[in-house]
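Atom set for the values below is all heavy atoms of this structure, side chains included, hydrogens, waters and symmetry mates excluded. On a predicted model such as this, the values are computed, not experimentally measured, just so you know. When a ligand or atom number is given, it counts from 1 through the structure's own listing order.
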Amino acid sequence: MPDITTPSGVKDILKEYDININRGLGQNFLVDSNILEKMVEAACLDAGDRVVEIGPGLGALTGALVDALPEGQVLAVEKDSRLCQVLQDLFHQEENVEIICGDALEFNWAEELTARGFGKGGYQVVANLPYYITSPIIRLFLELSPTPESLIFMVQKEVGERIAASPGSKAYGTLSIAVQYYAEPEMIYQVPSTVFWPRPEVESVILRLKPGENREERADNEELFFKIVRALFQQRRKTIRNSLSKAAEIDLSRELVGRALERAGINSRIRGEKLTWQEIVELSDIINALLAEVGD
Ligand code: SAM
């Protein structure tokens, strides 16, 4: 069997199975054992852990995970049926790997994970993601029950920077808050395009997301919270008071916004991009309460 952690090994196996790369499915294979190791290390796995992998491709990361989990389990979901065939051939003797051929966005994760006992002792998600589904996959797993203990993703560098951005920075926006609301992000390692074959046009980073640590700080009305987030970032150059009182999605009077900001101790002249997600939760809760008072 060719070594799938080298470009020549990947080319050989694709040739053997008569497979052409499908760029539309984000097929950039990891061909650097050092980076594979870094991804596995970032997950801090114990021998008996359970791991979900999205898009196993030709199995390079899957193999590294299997080695790290002699008593554990890997559930890998690959969309490309031709690659599924390679994976079945590669791993059919491994008892602790299950390859599922299907679309990770269509998969019934809640049911399938529970059926396999993944929810009980916890599980992690580790993936070199096809970049075109980065946001929906992150969202899917952050909102999923059972929630993963951690998510280790290879993502496009610019997306990783947006997710981990701090308030006031250029990269900080709705994506930062949508993720930080559910999980603590950490950029673990910058990855050059040379570790993939074929080489993507963008640089990448290994990103770790730790859900759960912020759970007690949820908004009373999450729908309102996300409307407020969108309003604050739609016109970044406006002051908080202006962006909230002119938001098309929420009908808030200038007076009510002023009162809410005062109650939250937030200067109404600063821009929304300066607020942490926790401050926005607090503001959203106050606005929610004021709206209820007005409605009474
Ligand atoms: N894990 C392999 C590696 O590290 O070399 C391959 C990573 S490659 C960036 C992304 C993989 O995701 C490809 O194998 C692609 O076919 C697969 N893929 C793309 N869209 C998918 C989807 N919706 N569901 C599951 N797998 C998908």
Side-chain angles (χ1 to χ4, degrees), residues 1-14 17 19-43 51-69 74-91 94 97-109 112-113 124-141 144 151-157 159-160 188-189 191-207:
M1 185 56 86
D3 178 1
I4 46 171
T5 61
T6 64
S8 61
V10 167
K11 284 181 212 168
D12 285 351
I13 201 154
L14 291 174
Y17 281 80
I19 296 172
N20 292 320
I21 293 259
N22 184 340
R23 285 182 188 267
L25 287 181
Q27 289 175 355
N28 300 97
F29 302 103
L30 251 176
V31 288
D32 185 310
S33 46
N34 184 34
I35 300 296
L36 287 166
E37 225 170 86
K38 288 242 181 309
M39 287 200 73
V40 175
E41 262 173 37
V51 169
V52 164
E53 187 191 358
I54 317 289
L58 292 169
L61 181 57
T62 323
L65 289 169
V66 169
D67 290 346
L69 299 168
V74 179
L75 174 66
V77 178
E78 170 58 56
K79 185 171 180 178
D80 188 331
S81 57
R82 303 160 314 155
L83 299 184
C84 292
Q85 186 55 56
V86 179
L87 291 161
Q88 303 289 5
D89 291 350
L90 263 178
F91 294 106
E94 300 282 353
V97 184
E98 186 180 353
I99 307 289
I100 294 193
C101 203
D103 187 331
L105 291 175
E106 305 290 327
F107 196 60
N108 189 343
W109 288 102
E112 301 291 345
L113 290 174
Q124 310 203 43
V125 186
V126 183
N128 171 17
L129 282 181
Y131 292 167
Y132 79 105
I133 58 169
T134 301
S135 295
I137 282 287
I138 289 182
R139 184 166 177 193
L140 188 158
F141 278 97
L144 187 69
L151 304 100
I152 312 298
F153 286 142
M154 179 79 77
V155 299
Q156 188 178 331
K157 184 173 162 218
V159 174
I188 305 276
Y189 198 76
V191 179
S193 59
T194 47
V195 305
F196 299 96
W197 189 87
R199 264 189 216 183
E201 279 164 19
V202 293
E203 303 282 292
S204 304
V205 285
I206 299 174
L207 179 77

Given F153, which partner from the list N128, I206, I137 fulfils the side chain to side chain contact (heavy atoms under 4.5 Å, CB included) test? I137
Kindly write out the residues that satisfy ring pair (Phe, Tyr, Trp, His ring centres under 6.0 Å) with W109, not counting sequence neighbours, or none if the list is empty. F107, F141
Taking the side chain as C-beta and beyond, is there a heavy-atom pair between N22 and N20 under 4.5 Å? no
Yes or no on side-chain hydrogen bond (donor to acceptor under 3.5 Å, both in side chains) for D89 and Y17, after CA distance, side-chain angles and deciding distance? CA-CA 11 Å; D89 291 350; Y17 281 80; 2.6 Å; yes
For ligand 1, would you mind listing the residues that have at least one heavy atom less than 4.0 Å away, ordered by chain and number? L25, G26, Q27, N28, F29, L30, E53, G55, P56, G57, V77, E78, K79, D80, L83, G102, D103, A104, N128, L129, P130, Y132, I133
Is there a side-chain contact between F29 and I21, using heavy atoms and a 4.5 Å cut-off? yes
Donor-acceptor contact present, side-chain E78 to main-chain G57, <3.5 Å: yes
